[in-house]
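Okay, structure first, notes after.
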Amino acid sequence: MNNQINMPEISEIVTNPGNVRQKDYKIADLSLSSWGRLEIEIAEKEMPGLMAIRQKYSQDKPLQGVRIMGSLHMTVQTAILIETLVALGANVRWASCNIFSTQDHAAAAVVEKNVPVFAWKGETLEEYWWCTLNAMIWPDGNTPQLIVDDGGDATLLMHKGLAVEKDPSLLNCPTDNKELQVVNRLLAKVYHTDSSFWHRAVEQWVGVSEETTTGVHRLYHMQKDNTLLVPAINVNDSVTKSKFDNIYGCRHSLVDGICRAMDVMLAGKNAMICGFGDVGKGSAESLSGQKCKIFVSEIDPICALQACMAGYNVCTIEDILKTADIYVTATGNKDVITAAHMSKMKDQAIVCNIGHFDNEIQVDALNDWPGIKKINIKPQVDKYIFPDGHCIYMLAEGRLVNLGCATGHPSFVMSNSFSNQVLAQMDLWKNRREIGVYVLPKELDEEVAQLHIDKLGAKLTKLRPDQASYIGVPINGPFKPAHYRY
Ligand code: NAD
Ligand code: ADE
């Protein structure tokens, strides 16, 4: 189906966006919209924070007319984020931040409400970057004032586009990285059509809010190098994001992804989790909940000690190759599971990644392994048979398994993450900070939590004035100092 999607040339989109796109969206199937709408209606009831923010600000419309572009998994939960931004007045366009994560019925329901979406499940890399660029260009040729990013790809396009206009020789730098080659080809086409496109785009750009750990790392890098172009809000490090989505979201959605892909009994199996940060902790709990025996690899002694205290075995990946049945990477690092590792794994091992990018597992090197045979079992599930006869199963081609093989985190946890996203977008528009990376104030973090506890029937204890002064906090919060780690 995707091969039939008609995609106008980049040169045409840049010069004449309003005319060349017959329809200002590109999705798999608009007829899925009523199914999408029914699932959105279920999810709205599970997203109390986001819906409360929608209600609170939909009269004042603090984002009236603001052009917001999103590069974030196009799921049912994201549909509610998008529709909240629209309710606050924004003029929104969207692309996914992963080639496998789009829920086509959710994309259709959003398009049905006249929000342009460029995303479908199973994009090629060329299509993915084409979608990102299209979501950035409004029919009148304008570009975003605000970006909601997840992993930093939209932010990267803005920065790299500008850098190329300043020094076009950057396009000729040789690279083995296939995705970078795709980005360079796209930027070359834009540059040869309009050599000041990104200068104008950056002039219009006011700020970005970033969803995930890996995207936030990229932002702090740019801040350190003095290359960051706009103020950025680190949504990931709101407590109500990373200590909920990354942990409890993955606790729910990792097992969901593995089960939908493999339909295999998990109890009794040996599971190796690489990385015991927030996502690793949620992933370990997910598989431990199914009674797997958990092994953890870590580079950081504090996280390794935490894994020991949770009752898990800490070892290296090399130690476990003959024992582990399931491998999950959750590090945000590269080349954590190599092709050489996979060549030595136990027969029938399941290998997957839940970190943001696909470079945690060496899938390209696996494809190039001498004598390897690859059999596609179904979309996002591949069997690799090594010359010695043992096989492994690779899920979602090494891309995040919970969104590639399942539907990502459930609505309730995403309501916390996306409440922070909306507050961040309002902050960026209203406060016009200096260029830098910021986190939202703790008052807002506590407010996001407050918006979710009623739904769970939790009843807070009210601090008495004498108690407040004894522990030295304001009676209505914030209840913890900035350095508190939760
Ligand atoms: P984190 O920094 O809390 O944890 C990563 C851990 O990996 C750290 O403890 C680090 O010491 C460890 N690590 C680094 N290199 C390692 C190596 N070579 N071997 C073993 N351990 C290593 O980050 P996080 O918040 O847990 O996020 C991890 C990744 O997951 C990021 O890419 C993030 O963007 C992504 N993420 C995915 C989802 C999802 O739904 N799939 C949700 C949130 C975050
Ligand atoms: N990240 C993890 N789960 C997600 C979901 N359901 N929607 C959007 N982004 C996500």
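Whatever order the structure lists them in is the order used to number ligands and atoms, beginning at 1.
- Proximity of L400 to ligand 1, defined as any heavy-atom pair under 4.0 Å, is confined to the side chain (atoms from C-beta onward).
- For atom 35 (C) of ligand 1, the nearest protein heavy atom (residue, atom name, distance) is H356 N, 3.5 Å.
- Comparing D150, L403, N402 by heavy-atom distance to atom 40 (O) of ligand 1, the nearest is N402.
- Remark: distances from the non-hydrogen atoms of C303 to ligand 1 include one below 4.0 Å.
- Under a 4.0 Å criterion applied to the non-hydrogen atoms of F418, ligand 2 contributes the atoms 8 (C).
- Distance from atom 42 (C) of ligand 1 to its nearest protein heavy atom, with residue and atom name: D245 OD1, 3.7 Å.
- In terms of protein heavy-atom proximity, atom 31 (C) of ligand 1 is closest to T214 OG1, 3.3 Å.
- For a threshold of 3.5 Å applied to N or O pairs, the pair formed by Q77 and ligand 2 contains at least one separation below that value.
- Using a 4.0 Å cut-off between charged nitrogen and carboxylate oxygen, D104 and K121 do not count as a salt-bridge pair.
- By the criterion of a heavy-atom distance under 4.0 Å, the side chain of M414, and not its backbone, is placed next to ligand 2.
- Within 6.0 Å of CD1 in I302 there are 12 or fewer heavy atoms belonging to other residues, nucleotides or ligands.
- For ligand 2 and T407, the ligand atoms under 4.0 Å from any heavy atom of the residue are 6 (N).
- The T78 neighbourhood of ligand 2 comprises atoms 7 (N), 8 (C), with distances under 4.0 Å to a heavy atom of that residue.
- Atom 29 (C) of ligand 1 has G355 CA, 3.7 Å as its closest protein atom, hydrogens excluded (heavy atom only).
- What sits closest to atom 15 (N) of ligand 1 on the protein, heavy atoms only, is N333 ND2, 3.0 Å.
- Salt bridge present: R260 and D256 bring a charged side-chain N and a carboxylate O closer than 4.0 Å.
- Of the protein's heavy atoms, T213 OG1, 3.6 Å lies nearest to atom 24 (P) of ligand 1.
- Near S297, meaning under 4.0 Å from any of its heavy atoms, are these atoms of ligand 1: 20 (C), 21 (N).
- For atom 38 (C) of ligand 1, the nearest protein heavy atom (residue, atom name, distance) is I354 O, 3.9 Å.
- Considering only non-hydrogen atoms, atom 10 (C) of ligand 1 lies nearest to E298 out of M414, E211, Q306, E298.
- Checked by distance only, ligand 2 and H409 come closer than 3.5 Å through their nitrogen or oxygen atoms.
- Within the listing of ligand 1, atoms 11 (O) sit less than 4.0 angstrom from a heavy atom of D300.
- For the atom pair M342 CE and L321 CG, the distance stands at 10.5 Å (nearest 0.5 Å).
- Counting atoms of ligand 2 from 1 in the listed order, those under 4.0 Å from a heavy atom of L403 are 1 (N), 2 (C), 4 (C).
- Closest heavy-atom approach to atom 22 (C) of ligand 1 among the candidates V413, T331, N236: T331.
- A heavy-atom separation below 4.0 Å is not found between V76 and ligand 2.
- The residue D245 has no part lying near ligand 2, judged by heavy-atom distances below 4.0 Å.
- Of all atoms in ligand 1, listed by their number and element, those nearer than 4.0 Å to a heavy atom of H409 are 40 (O), 42 (C).
- Assignment of A330 to the shell around ligand 1 is supported, since a heavy atom sits closer than 4.0 Å.
- The protein atom (non-hydrogen) at minimum distance from atom 34 (O) of ligand 1 is T212 OG1, 2.6 Å.
- Of the candidates L254, I299, I247, I299 brings a heavy atom nearest to atom 17 (C) of ligand 1.
- Checked by distance only, ligand 2 and T75 come closer than 3.5 Å through their nitrogen or oxygen atoms.
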